[in-house]
Engineer: 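If you scroll down you'll find the structure; I have some questions about it.
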Amino acid sequence: MVSLWKPLAELSSLLCFYSGLRPRVAPVRENSTDQTAQRREGRVHLYASLYFCAGLEEQDNELLALEVLHRYVELLDKYFGNVCELDIIFNFEKAYFILDEFLMGGEILETSKVAVGVVMEEADTLQETMEEYMSKPAY
Amino acid sequence: MPAVSKGDGMRGLAVFISDIRNCKSKEAEVKRINKELANIRSKFKGDKALDGYSKKKYVCKLLFIFLLGHDIDFGHMEAVNLLSSNKYTEKQIGYLFISVLVNSNSDLIRLINNGIKNDLASRNPTFMNLALHCIANVGSREMAEAFASEIPRILVAGDTMDSVKQSAALCLLRLNRTSPDLVPMGEWTARVVHLLNDQHLGVVTAATSLITTLAQKSPDDFKTSISLAVARLSRIVTSASIDLQDYTYYFVAAPWLSVKLLRLLQCYPPPEDAALRSRLTECLETILNKAQEPPKSKKVQHSNAKNAVLFEAISLIIHHDSEPTLLVRACNQLGQFLQHRETNLRYLALESMCTLASSEFSHEAVKTHIETVINALKTERDVSVRQRAVDLLYAMCDRSNAKQIVAEMLSYLETADYSIREEIVLKVAILAEKYAVDYTWYVDTILNLIRIAGDYVSEEVWYRVIQIVINRDDVQGYAAKTVFEALQAPACHENLVKVGGYILGEFGNLIAGDSRSSPLVQFNLLHSKFHLCSVPTRALLLSAYIKFINLFPEVKATIQEVLRSDSQLRNADVELQQRAVEYLRLSCIASTDILATVLEEMPPFPERESSILAKLKRKKGPGNLPDIDDARRNVNGNTEHTEKTETTNKSSFSLVADLLPINRPRPASSSPIMLSAGTMGSTPSFTDLLNLNSTPTAGASLLVDVFSDSSTLASVEVSDENFPRFVCKNNGVIFENQLLQIGLKSEYRQNLGRMYVFYGNKTSTQFLSFSSSVTCSDTLKNHILSTSHLIVPSQLLHFSCGAQVQQILNIECVSDFTDAPVLNVQFRYGGTLQNIAVKLPVMLNKFFQPTEMTSQDFFQRWKQLGAPQQEVQKIFKAKHPMDTDVTKAKILGFGVALLDRVDPNAENFVGAGVIHSKNTQVGCLLRL
């Protein structure tokens, strides 16, 4: 875990969600059977400086797993407005919340971008106002 | 620091993260973190009660520190407190912290469960979702215990919001995976299936995931989902791309749902209902048609999503394996992908084609792509793709193209990646053996393998070539000549020396007529390699030398000289030293006749499944190996090599256990001591193991070799090898081969018995016309009644991969008997009719009723039974040390009551029981 999160703190963010496991930063086995993920190197910079990693079970559909990642990036984009690593570092909890709206226990919960977006908006309206925020102590 | 875009942020947290990022060194970072931890700790311990916001902020900081890779050992309580907050964000952070950090910490789990319970009962959908997420993310047993019955209720309740339904479905799925025993099936299961009809596609998607998992476990309960899934799928594939609005992903209609529905359908055989079946076929055709349409978007997301559905549809077509046209179309489609510029598609196409190759309908279609696949092997840049190409070549291989494929694999092996060499070696070895018409080709191929990739040739491979050469007279001379020539190379692999030593030791005489390979030349050639070899190889060579003495009396003196040298007689290795001493003595004192008998040529090995195949299966894991073994013709003699001369004393146990076909009759010809004459005396464990063959009840099950019975496949020879193991027990596996496993579970009460027979299909294809019957010999018929009926006859006719069906046999004992009934099983697999006959373990002792009696009673009765025909005494030597507990268990398993402290001699075991039959009851006493 340390080794994987470490580069995150320094250069980028990395979120792992294992199918069937809770979403969290987790070690990747070196002999990962996820062939598609191994061959995604060229695709990484597509998502700016974000690295993604997904553990798949044998019968999982690999192409669709790529699109799970893509859809997640879209959701992050939608929320943060062209997401970058800093967004995720400073709002890591939000990245988790968005993931939670999208996946649950490794399975797709909601594939509609609109539906997830609505939930996130709603959640934000439940938060304190900006005024409240500015009045909080910085430490 | 970027401006927080939306909602609230926690300034303190943002400042802290900035500080960490600004740290110049690792030490500075650790220092900053420790400072923060101290701060948080004092805040949590302080007298002043913290407000919700502060608590949230500090918990969030702890979480961040944890994610940086540091241990967090406090703050859990504060996180749990946040659960009871009314503020959404505070609750949310509390749940997040628990999801990421808490594992089954028993102190807290009750408090957490309490918080979850309140939120589930709150009827506030946002809170309910948070709680469900937490359960799904943690998924611990305690949570399953607390909520497994509550969640199904939420899922099927009419007034539950859609988003909560989705969460509840997936939460239940997660609990079902982690603690399946705690999730009760019930009336909700029927209602869950109807969620497939829900208007909300998100609900349908989540429900499909749940149903698929549940249906894999109990297919019968969810049969009704087939028609609903087909209907749903049909509506999706025929919809215009904009119909589904948000659920259209880059112009592909609901790809996730489609894939899940197709996967659900893979839990079942093709629908029996004709209309439904044709509707499904239409869907699949539509999906295949769409692949031919020009893409609606140039984006990779479009093609990925579209092809994801296509590949899943092809998986379903392969799973059904019943529509030749669809199979061939699928194959052609994959053929196009083989040359696609997307590596992912080429990879997946190769992978899917592997399974297509094993279907009789599409095997030929797959073969047409051989050139492309061979080309892929040579040109693909990615090793994982090349690996798939090797797999596919292996799967598409048959007699017509074996030579080409083996040649291509061999030439690829020279440059292959180290990581996949061993697997390729195994595959080449298997193909070469399986499709060898001409065994000289086989020998050449294996020697080439050793030459090209000697390090990757495992023991199994070279054992095998020796077995085959020994069993086939026609190839022995050629083999001797070829290994002799191969050994001429200045540097040859040790495995080649082993094969060469063995074969020349057995068949060197066949080429000794040629002066270029005279006995002395052969010996010198072998001995020139001797000093470069490891101990096991040297041991093998020594055995070859003693064989030479028998074959060629003219080199006897030379060899004796070698054996006599200090480097042999005083070798530091005890095995080598012993061999040298014993062989030398043997050669000196034994007459020619005795030598000829002791060193006789190896007898043929009994036939058995290639252990190479077993090794490959182990390597690839179950289910990964395309099943191309259907029409196996074991023309080759193929048993494991039982007498491995280099087997040393210490390692012999495990190795021999691996190699010996335990539980099978030994070939009658195995009496000569063969090559290992010198080691026999020093390997007690070896001889012990041989005896196991004759002690069937004695714990031999540990050593059962599951591959030992493949030769009964084609014959109808009654299999009774597992029979003796059922003397003392009622449950277990009575028969197993590559295709089928038959398990038994039996219960007996007085003169009645009931036997449950479980048939498990081990293959990835279904068995056709499966039937079974029980026959009794004529004499037996009068003594035993058995009736049988199948529990699920319709399913039995075609029962599919991984499936298990059950049959019940009722047995009544009319009077005493000695023979046993035979269970005949017939089915079609891959076009050939399989016949299996298994002796059922119905024995007289099964009808024992244990009887308790006192010591006095026992001996009184014992004395009454004085007549000669009433007593049987048998003295036998224990094959194993007597273990009291094991023996007790055996006697109990035998069916009698074990009477403690009855016999004056504590070492004796005493038992009593009554055999019940319809006509009589016979009391029976036993002393051991």
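Per chain, numbering begins at 1; letters A, B, ... match sequence-line order.
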Engineer: Return yes if some donor-acceptor pair links the side-chain N/O of B/D51 with the main-chain N/O of B/S54 below 3.5 Å, else return no.
Structural biologist: yes
Engineer: When you measure from the side chain of B/S42 to the backbone N and O of B/N39, does any donor-acceptor pair fall under 3.5 Å?
Structural biologist: yes
Engineer: Quick check for you: among A/E74, A/K113, A/E101, which has the greatest number of heavy-atom pairs under 4.5 Å with chain B?
Structural biologist: A/E74
Engineer: Which atoms of B/Y250 come close to chain A, meaning under 4.5 Å heavy atom to heavy atom: side chain ones, backbone ones, both, or neither?
Structural biologist: side chain
Engineer: Any side-chain heavy atom of B/L96 within less than 4.5 Å of one from A/F97?
Structural biologist: yes
Engineer: At a heavy-atom separation under 4.5 Å, does B/I135 approach chain A through its side chain, its backbone, both, or neither?
Structural biologist: neither
Engineer: Please check: side-chain N/O of B/T178 versus main-chain N/O of B/G139, any donor-acceptor pairing under 3.5 Å?
Structural biologist: yes
Engineer: Under a 4.5 Å heavy-atom cut-off, does chain A meet the side chain of B/H200, its backbone, both or neither?
Structural biologist: side chain
Engineer: Counting only non-hydrogen atoms closer than 4.5 Å, does B/S167 touch chain A with its backbone (N, CA, C, O), its side chain (CB onward), both, or neither?
Structural biologist: both
Engineer: Side chain, backbone, both or neither: which part of B/I17 has a non-hydrogen atom closer than 4.5 Å to chain A?
Structural biologist: both
Engineer: Measure from the side-chain N and O atoms of B/E380 to the backbone N and O of B/D382, and report whether any donor-acceptor pair falls under 3.5 Å.
Structural biologist: no
Engineer: For B/K260, give me all partners under salt bridge (charged side-chain N to carboxylate O under 4.0 Å, His left out), at least two apart in sequence or on another chain.
Structural biologist: A/E107
Engineer: Tell me, side chain or backbone of B/C171 under 4.5 Å from chain A's heavy atoms, or both, or neither?
Structural biologist: both
